[in-house]
There are 2 protein chains.
Amino acid sequence: MLAYAPDLDRVFQALADPGRRLMVDRLSRGPASVSELGRPLAMTLAAVLQHVQVLEACGLVRSAKLGRTRTCSINPAALRSAESWIADRRTMVERNLDRLGEYLAATADQPDPTSHAEGQQ
Amino acid sequence: MLAYAPDLDRVFQALADPGRRLMVDRLSRGPASVSELGRPLAMTLAAVLQHVQVLEACGLVRSAKLGRTRTCSINPAALRSAESWIADRRTMVERNLDRLGEYLAATADQPDPTSHAEGQQ
DNA sequence: GAGATAGTCAAGTGGATGCTTCAGTGTCGC
DNA sequence: GCGACACTGAAGCATCCACTTGACTATCTC
């Protein structure tokens, strides 16, 4: 029954930060080093690293160290899982709205006043 | 240039909480009252209300009070904006991976050793 | 109208988050 | 070898978050 998904917590939490979204955005164009990711961010390298660790902990990003630079790249699978969680719900919502529309259209001519007060303000 | 989107912060932040995701999931099947949303959640009504307020503040949920009950319903537009932020990046990632694949395939027979050390651990 | 129901407001609390500084460590380039 | 570079770890700190309790307000229901 739709088991509790601990990873989604962390993925959405990770995406909630604008700096981390910027990193994801950058990485979606290709791999980058930690300092490269932090360049547009006006914060310490240490802070950047912490963000990278958050992204890595939730599976959004993978990284490997080569020499003295750590190269990060994105993991599309984690993006996909978050995306489809949302997509599934949105699809359901829209399907229900469509059915509601059909129902309203079908009962529009009938004199049954079972209308809920929808759409305030 | 992809302006800073303050709402996405709050939408992802809202979705980061498993209880709130459960509420969104419930609402994706149709409207519900505050106490109905909180029923499976083992927390105070006051706490449930706070979650609802978070969901409302980011635009994921709308609500209207009728009599003494507040009926909440979901707003698909907010879901859509979060979904497409992710989808855009994921699409970009996958396109780039495809291009990389093509590049590797095209240069596979050439004796140029420009291979990066990918895939650690 | 009295008691139950459904929600609301405000204040407080413990734990997580997002930084910082500082003191390293390992690598690169000359 | 030595200085610069890229990163790492630990500690500290301000703020935010997810609750709780307790007091209160409407609205039903009988």
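On a predicted model such as this, the values are computed, not experimentally measured, just so you know. Each chain gets a letter, A, B and so on, in the order its sequence line appears, and its residues count up from 1.
- Rounded to a whole Å, the CG atom of B/Leu45 is 18 Å from the P atom of D/dA26.
- Judged by atom type and distance alone, A/Gln50 reaches the base of C/dT20 through a side-chain donor-acceptor pair under 3.5 Å.
- Atom C1' of nucleotide C/dT27 and atom NZ of A/Lys65 are separated by 9 Å, given to the nearest angstrom.
- With rounding to whole Å, A/Asp17 atom CG is found 10 Å from C/dT17 atom C1'.
- Among the protein residues, A/Ser35 comes within range of the sugar-phosphate backbone only, with heavy atoms under 4.0 Å from sugar or phosphate atoms but none that close to a base.
- For the pair B/Glu94 and A/Arg80, the salt-bridge criterion is met [side-chain N within less than 4.0 Å of a carboxylate O].
- Counting heavy atoms from C-beta on, the side chains of B/Arg90 and B/Arg95 never come closer than 4.5 Å.
- Rounded to whole angstrom, the span from the CG atom of A/Leu49 across to the P atom of D/dG9 amounts to 7 Å.
- Taking the six-membered ring for Trp and thresholds of 30 and 60 degrees, A/Phe12 and B/Phe12 have nearly parallel ring planes, at less than 30 degrees apart.
- Within the nucleic acid shown, B/Thr69 comes within 4.0 Å of sugar-phosphate atoms alone, with no base atom in reach, counting heavy atoms only.
- Remark on DNA chain C: of its neighbouring residues A/Gly67 and A/Thr44, the 5'-side contact belongs to A/Thr44, judged by nearest-heavy-atom nucleotide.
- Nucleotide D/dC7 holds its P atom 14 Å from the CG atom of A/Leu41, rounded to whole Å.
- When distances are taken from the side chain of B/Gln13 to each of D/dC17, C/dC19, D/dT20, the shortest belongs to D/dC17.
- With C/dT8, D/dC7, D/dA18 as the choices, the nucleotide that has an atom nearest any side-chain atom of A/Ser33 turns out to be D/dC7.
- If you take CD of B/Gln53 and C1' of D/dC19, they are 14 Å apart, rounded to a whole angstrom.
- You won't find any donor-acceptor pair under 3.5 Å spanning the side chain of A/Arg70 and the base of D/dC7, going by distance alone.
- Between D/dC7, D/dT20, C/dC19, one nucleotide has an atom nearer to the side chain of B/Ala47 than all others, and that is D/dT20.
- Look at CG on A/Asp9: it is 13 Å from C1' on C/dA16, rounded to the nearest Å.
- One interatomic measurement links the two molecules: CZ of A/Arg68 to C1' of D/dA6, which rounds to 6 Å at whole-angstrom precision.
- Residue B/Val54 is the one, among B/Ala46 and B/Val54, whose nearest nucleotide of DNA chain D lies closer to the 5' end (criterion: closest heavy atom).
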